[in-house]
Engineer: 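Questions regarding the structure given below will be posed in turn.
In what follows, every heavy atom counts, from backbone to side chain, and hydrogens, waters and symmetry copies are set aside. We number each residue from 1, following the sequence as shown.
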Amino acid sequence: MIHIAVLGFGVVGGGVVEVMEENASRIARSAAEEISVKYILDVRDFPENPWAALMVQDFSVIENDPDVRIVVETIGGAGVAYDFTKRALLHGKSVVTSNKELVATRGLELIRIAKERNVNYLFEASVGGGIPIIRPITQCLAANEIDEVYGILNGTTNYILTRMIACGVSFDEALKQAQEKGYAEKDPSADLEGLDACRKICILSDLCFGREVDVENVKTEGIAGVKAGDVESAKRLGYKIKLLGRGLRTGKDTVTAYVAPHLIPVGSLLSNVDGVMNGIVVHGNAIGEAMFYGAGAGKRPTASAVVADVIDAAKHFKARKYLDWDEASPGSFTDSDEVVSRWYVRAEGKDACLTEPMSKYEVMELTGGQVPLSLFRVLE
């Protein structure tokens, strides 16, 4: 019997416990041993919950229990979650997480601690919810030199843009609908400003390019600047507007990453990723282009990815998973404004797609230094 502890009993943590119980026999077959939840840690009380007997509020109970070999962290953020994760790893426990902020900002440090203690730090659920993407990048595509990764990484913004495109509603109305359906938080700023997608593209870039991409270096633009006029112009020109996180090699030893709205050709696979769904494209020198599609968030899809990592950790108590990257070297990150592409430009009374690939600096020079009403890259 393998005992685990779940930190945080919110949407994802609750989903993990549900899936562990519902699919217990299947999970035991996959792990070649039964896996049981011994503790659930949360600062709140859940007296009516069927798992109330497992609830604890003191992490040291979990930390000092030698029977707990895997800790599942679903608290979120980079505060107490970082403290508990580090302590668990230092006590020789593998940690599985869905926490994109923690992986994006502290992942390198935590992976190194895991390596020193000969345990695992796994985070499949931190990007793409239930979409398998981290394991395919690090295992299935391991023979490739990956030169680009990009995708629709946030379901909230994709839902809002889909409503604007399909129904012609305004940004404000689409946001209101997303909040009514539970797709957007009361304070949706992390989604709308692109911060959520930023953390995810950093993780993907770290893994694809083998060097750390610092969140602070990633220029991030959300969707608040997308207007109904842009949606109509894009449609007339044969495109849809999607918020993309994008990481790419810019030279032999240099990379870049950024988040911004893009115009995507109608008919391409990614342009048809609508609603709250996510789509991620990886380009390797051997496989060419591969796309991964599915539910990018939600209780059950995310829990599915977390539990898969729990099974993986249970199979690798005596062998570490090679899931890491190096520190960035000086000068290894390229300013994304230097990356050339075609652009969609909307100014007073007119709009157009520039035919010649240019950097953002060159576009601004072309417009005489005046900031256009809208300026989005065109994804070829």
Side-chain angles (χ1 to χ4, degrees), residues 10-16 19 74 76 96-104 122-138 149-166 174-175 177-179 181-185 188-208 218 220 222-223 240-247 257-262 264 268-282 290-309 379:
V11 173
V12 177
V16 169
V19 171
T74 66
V96 170
T97 187
S98 59
N99 189 340
K100 52 193 168 285
E101 181 178 355
L102 186 58
V103 178
L122 305 179
F123 42 88
E124 179 67 60
S126 66
V127 180
I131 303 173
I133 183 63
I134 289 176
R135 195 171 283 105
I137 286 173
T138 57
V149 58
Y150 63 91
I152 298 166
L153 303 175
N154 182 271
T156 300
T157 51
N158 200 44
Y159 176 83
I160 291 171
L161 290 173
T162 298
R163 297 298 294 171
M164 292 176 71
I165 293 167
L175 171 58
Q177 293 175 7
Q179 290 173 320
K181 290 181 175 292
Y183 298 148
E185 302 286 345
S189 55
D191 295 321
L192 302 185
E193 294 172 9
L195 301 179
D196 177 77
C198 173
R199 293 159 184 159
K200 293 173 181 176
I201 197 60
C202 284
I203 296 169
L204 293 175
S205 298
D206 291 340
L207 292 167
C208 286
V218 178
T220 302
I223 65 168
K240 287 183 180 179
I241 300 177
K242 299 287 186 181
L243 183 72
L244 299 185
R246 187 182 183 201
Y258 64 91
V259 177
H262 286 65
I264 302 177
S268 68
L269 288 176
L270 204 59
S271 75
N272 291 306
V273 176
D274 289 328
V276 295
M277 304 303 279
N278 283 192
I280 303 170
V281 176
V282 181
M291 179 172 162
F292 301 83
Y293 168 85
K299 181 178 184 178
R300 304 278 286 189
T302 306
S304 169
V306 170
V307 175
D309 270 351
L379 187 73

Engineer: Once side chain to side chain donor-acceptor pair (under 3.5 Å) is applied, do any residues pair with Thr97, and if so which ones, sequence neighbours excluded?
Structural biologist: Glu73

Engineer: Atom CZ of Arg199 and atom CG of Leu204: how far apart are they, to the nearest 0.5 Å?
Structural biologist: 14.5 Å

Engineer: When rounded to the nearest 0.5 angstrom, what is the spacing between CZ in Phe123 and CZ in Arg135?
Structural biologist: 10.5 Å

Engineer: Can you check whether Val127 reaches Ile280 side chain to side chain, under 4.5 Å on heavy atoms?
Structural biologist: yes

Engineer: Quick one: do Tyr150 and His262 satisfy side-chain contact (heavy atoms from CB on, under 4.5 Å)? Show the steps, please.
Structural biologist: CA-CA 11 Å; Tyr150 63 91; His262 286 65; over 6 Å; no

Engineer: Are any side-chain N or O atoms of Thr302 and backbone N or O atoms of Gly298, one a donor and one an acceptor, separated by less than 3.5 Å?
Structural biologist: yes

Engineer: Quick one: are Val273 and Met291 in side-chain contact, heavy atoms under 4.5 Å?
Structural biologist: yes

Engineer: Could you give the distance from CG (Asp191) to CG (Asp196), rounded to the nearest 0.5 Å?
Structural biologist: 5.0 Å

Engineer: Distance from Asn278 atom CG to Asn154 atom CG, nearest 0.5 Å?
Structural biologist: 7.0 Å

Engineer: Taking everything shown except Glu185 itself, do over 12 heavy atoms lie less than 6.0 Å from its CD?
Structural biologist: no

Engineer: What closest approach, in Å, do Ala197 and Leu153 show between heavy atoms, and which atom pair accounts for it?
Structural biologist: O-CD1, 3.8 Å

Engineer: Under the criterion side-chain contact (heavy atoms from CB on, under 4.5 Å), I'd like the reasoning laid out for Ile137 against Cys208: C-alpha separation, chi angles, the key distance, then a yes or no.
Structural biologist: CA-CA 7 Å; Ile137 286 173; Cys208 286; 3.7 Å; yes

Engineer: Look only at the side chain of Asn158 and the backbone of Gly275, and say whether a donor-acceptor pair between them is shorter than 3.5 Å.
Structural biologist: yes

Engineer: Would you say that Ile160 contacts Leu192 through its side chain, given a criterion of any heavy-atom pair below 4.5 Å between the two side chains?
Structural biologist: yes

Engineer: Mark yes or no for whether Lys100, through its side chain, and Lys200, through its backbone, hold a donor-acceptor pair below 3.5 Å.
Structural biologist: no

Engineer: Counting C-beta onward and ignoring hydrogens, is there a side-chain heavy-atom pair between Ser126 and Leu102 closer than 4.5 Å?
Structural biologist: no

Engineer: Is the shortest side-chain heavy-atom distance between Leu244 and Ile201 below 4.5 Å?
Structural biologist: no

Engineer: Would you mind reporting whether Val259 and Leu243 have side-chain heavy atoms less than 4.5 Å apart?
Structural biologist: yes

Engineer: Could you give the distance from OG1 (Thr162) to CG (Asn272), rounded to the nearest 0.5 Å?
Structural biologist: 10.0 Å

Engineer: With rounding to the nearest 0.5 angstrom, report the SG to CD distance, Cys198 to Glu193.
Structural biologist: 11.5 Å

Engineer: For the backbone of Tyr183 and the side chain of Thr156, can you confirm whether one donor and one acceptor N or O come within less than 3.5 Å of each other?
Structural biologist: yes

Engineer: Do Asp274 and Arg163 sit within salt-bridge range, that is, some charged N less than 4.0 Å from a carboxylate O?
Structural biologist: no

